[in-house]
Amino acid sequence: MEIDPFIFRLSIFILSIFIGYYVVWSVTPSLHTPLMSVTNAISSVIIVGAIIAGLAGNSNTIFNTSSIFGFLAISLAAINIFGGFLVTQRMLAMYKKKKKDK
Amino acid sequence: MLSANLSAIFYLISGVLFILALRGLSSPETSRQGNFFGILGMIIAITVTFLSIGNFSTGFVVVLIFLLIGGLIGAFIAYKIPMTAMPELVAGFHSLVGLAAVFVAIAAFLNPQAFNLGSPGNIKLGSLIEMSIGAAVGAITFSGSIIAFLKLQGIMSGSPITFKGQHPLNALILISIVIITYLLCSTQSSNLFWILLAMSFLIGFLLIIPIGGADMPVVISMLNSYSGWAAAGIGFTLENTALIITGALVGSSGAILSYIMCKGMNRSFFNVILGGFGATEQSASVQNKEQRPVKSGNADDAAFLMKNASSVIIVPGYGMAVAQAQHALREMVDTLKKNDIKVSYAIHPVAGRMPGHMNVLLAEANVPYDEVFELEEINNDFANSDVAFVIGANDVTNPVAKTDPQSPIYGMPVLDVEKCKSVLFVKRSLSPGYAGIDNDLFYKENTLMLFADAKKMTEDITKNL
């Protein structure tokens, strides 16, 4: 009997939870705010679904109900991707070591 | 056009890059590289999606336009936002992830062919379940985050909103969400899909309104976790590895942060979620408030004490963020350091309105991160220090948590501020903190209260040093 592909995806999912568990415990508490903003940014990889939905219309009708939801989702996710990564970058740039000359 | 297998491999690569992005955050030195990995992963995922569809017609242009609009808004916000507004920003971003998940789920429900999920009214059962879960969790994330955002922004009162029958009502809605999901999967009715979404929006709203302002660190972490599970649900629907991996990472990340925050308050997760904390105790403490003597001083006294100290520990809290006092504070510390006084910062896990909130503010004020310590690292040092400077913190320093089993905060880990030779407590008045209880520290022999705005007081002390 063949294994349903769902099981493989479920395996990836479960193993990723464990990876997440160990990786996040090793994040230093002082970087918990950047952790939240970067997880925000990466969870917006949901944009791939939005792009598929947006491009699903045929050449005559680019805009149908489904693709409009896709387009809106693209913008929402893009706000998060750009906003999330850039604000994380901005925060991380502020974490500096003590200068020796002080 | 990219083959399905090849694109799956690329999605896997971007998933791995996202893991490395989080891994980088284990230390400030590697964190910037980590963020770069994250960006790279995102670029790969988006590019591969375009290539695998292989349709570069007008639709493609429209997609790019929407992408650009969102990107510009996002970039603008990222550059403009002040660091003190970070909790609001993160809450706002969570709501967008939630809403995007809902929209993708709607698009997939209306046009399942585009995603290879069957045809409208005849969607594959497994996909429909995954889609419903993604949509429901996304909707809860959205409305919950909106409430959190409004509370943090001060548009909505930070105090808990409770009413009779709240918990039974929530339970009823949650049960009906499960039933509707079941019916939706058996009938494929689109009406049920919309009802499911409406119910989920409603429950997200109802779940967050009873939770008070200072519990926001838990709420934000929890919504962070939800946004991850929503993404994972959609990932299963789309059979996309990058999305499944990311969803799992973000989901567990948020869950761990919630756990850390709850532990910082010695409260169970359910206790926080059920809400209403602080509302009842507040009235009780007003009644039996006795007048006890406090010593209060001015900037001059504070400067004198600090000048004669050899080590000072700074304890910042949410009040520092409100008063925007972090820059003034760092200037004061610079002056102290010039006088060869050792200065360090002690951060309680739940100081501020989100995990790591204080650290970011101090980093913004150019405080080197190796002078900033967590509770466990520094708590033993208070006994050997001359001055503790408490600025904008309250409940996290209350010794009652160690001594009075009757107290609502009993058992909560607190900073042992009272063990310092002297304590300087900057506060506007003697009013109780969030937990609604009096802080015993105010009345200690070695405590000097400085009644003033945190920023102004810090500046005045610097002048007097």
Side-chain angles (χ1 to χ4, degrees), chain A residues 6 9 12-13 16-17 19-21 23-24 26-33 35-40 42-46 48-51 53-56 59 62 65-66 69-89 91-92 94-98, chain B residues 18 22-23 25-26 28 31-32 35 38-39 45 49 53 55 57-59 63 66-67 69-71 73-75 77-78 90 93 96-97 99-101 103-104 106-107 110-111 114 224 227-228 231 234 238 242-246 248-250 252-253 256 355-356 359-360 363-364 368-370 374:
Chain A
F6 170 78
R9 288 193 284 276
I12 294 173
F13 180 62
S16 303
I17 292 178
I19 294 174
Y21 179 86
V23 168
V24 172
S26 74
V27 171
T28 164
S30 66
L31 291 176
H32 275 163
T33 299
L35 170 69
M36 300 201 92
S37 60
V38 85
T39 50
N40 242 313
I42 62 173
S43 55
S44 300
V45 72
I46 201 158
V48 301
I51 294 173
L55 289 179
S59 47
I62 300 164
T65 334
S66 163
F69 275 112
F71 290 135
L72 291 177
I74 290 173
S75 279
L76 293 177
I79 294 178
N80 252 325
I81 293 171
F82 282 75
F85 280 126
L86 289 173
V87 88
T88 310
Q89 187 103 333
M91 274 191 272
L92 293 178
M94 300 184 312
Y95 282 81
K96 290 183 196 105
K97 251 200 160 143
K98 187 156 42 182
Chain B
F18 290 151
L22 298 193
R23 184 77 187 90
L25 290 171
S26 57
S31 61
R32 282 170 279 259
N35 200 39
I39 296 172
T49 311
I53 298 173
N55 167 11
S57 58
T58 13
V63 168
F66 276 90
L67 188 74
I69 295 173
I73 298 174
I77 297 174
V90 169
F93 278 171
L96 296 183
V97 180
L99 196 58
F103 283 177
V104 173
I106 294 176
L110 294 176
N111 187 4
N224 185 16
S227 70
I234 302 294
L238 305 183
L243 206 40
I244 294 176
I245 295 177
T246 317
L249 289 178
V250 178
S252 50
S253 161
I256 290 172
N359 304 78
V360 171
E364 188 204 8
Y369 62 82
D370 41 10
E374 302 300 315

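FYI, side chains are in, hydrogens and waters are out, and symmetry mates aren't considered; it's all heavy atoms of this structure. The sequence lines fix the lettering, A, B, ..., with proteins before strands; numbering per chain opens at 1.
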Who wins among [options] for the most heavy-atom pairs under 4.5 Å with chain A?
options	value
Leu99(B), Val97(B), Ile73(B)	Val97(B)
Pro28(B), Ser227(B), Gly71(B), Ser252(B)	Gly71(B)
Ile69(B), Leu243(B), Leu249(B)	Leu243(B)

Of the backbone (N, CA, C, O) and the side chain (C-beta and beyond), which part of [X] lies under 4.5 Å from a heavy atom of chain A, both, or neither?
X	answer
Leu25(B)	both
Glu364(B)	both
Ser26(B)	both
Ile244(B)	both
Ile234(B)	side chain

| query | Side chain, backbone, both or neither: which part of Val38(A) has a non-hydrogen atom closer than 4.5 Å to chain B? | reply | side chain
If you take all heavy atoms of [X] and [Y], which pair is closest and at what distance?
X	Y	value
Ile42(A)	Thr246(B)	O-CG2, 3.2 Å
Ala107(B)	Gly70(A)	CB-N, 4.3 Å
Ala231(B)	Ile46(A)	CA-CD1, 4.2 Å
Ala45(B)	Val45(A)	CB-CG2, 3.7 Å
Met36(A)	Val90(B)	CB-CG1, 4.2 Å

Closest-packed option against chain B by number of heavy-atom pairs under 4.5 Å, given [options]:
options	result
Thr65(A), Leu86(A), Leu31(A)	Leu31(A)
Ser37(A), Ser44(A), Pro29(A), Gly84(A)	Pro29(A)
Asn40(A), Thr28(A), Ile17(A)	Asn40(A)
Ser30(A), Ser26(A), Gly49(A)	Ser30(A)

Give, for atom [atom1] of [X] and atom [atom2] of [Y], the distance between the pair rounded to the nearest 0.5 Å.
X	Y	atom1	atom2	value
Leu72(A)	Ile106(B)	CG	CD1	9.5 Å
Ile19(A)	Ile245(B)	CD1	CD1	7.0 Å
Asn359(B)	Met94(A)	CG	CE	10.5 Å
Ser253(B)	Leu35(A)	OG	CG	4.0 Å
Leu55(A)	Thr49(B)	CG	OG1	9.5 Å

| request: Report yes or no: does Asn35(B) contribute a side-chain atom to a donor-acceptor pair with the main-chain N or O of Phe85(A) at less than 3.5 Å? | output: yes
| Expected output: side-chain Thr33(A) to main-chain Pro355(B) donor-acceptor under 3.5 Å | yes
| task | Please identify each residue that fulfils salt bridge (Lys or Arg N to Asp or Glu O under 4.0 Å) with Arg23(B), with sequence neighbours left out. | result | none
Name each donor-acceptor pair under 3.5 Å that joins a side chain in residues 75-82 of chain A to protein atoms two or more places apart or in another chain, with its distance.
{"unit_1": "Ser75(A)", "atom_1": "OG", "unit_2": "Phe66(B)", "atom_2": "O", "d": "2.9"}
{"unit_1": "Asn80(A)", "atom_1": "ND2", "unit_2": "Phe93(B)", "atom_2": "O", "d": "3.0"}

| query | Would you say Tyr21(A) has more than 12 foreign heavy atoms packed within less than 6.0 Å of its OH? | reply | no
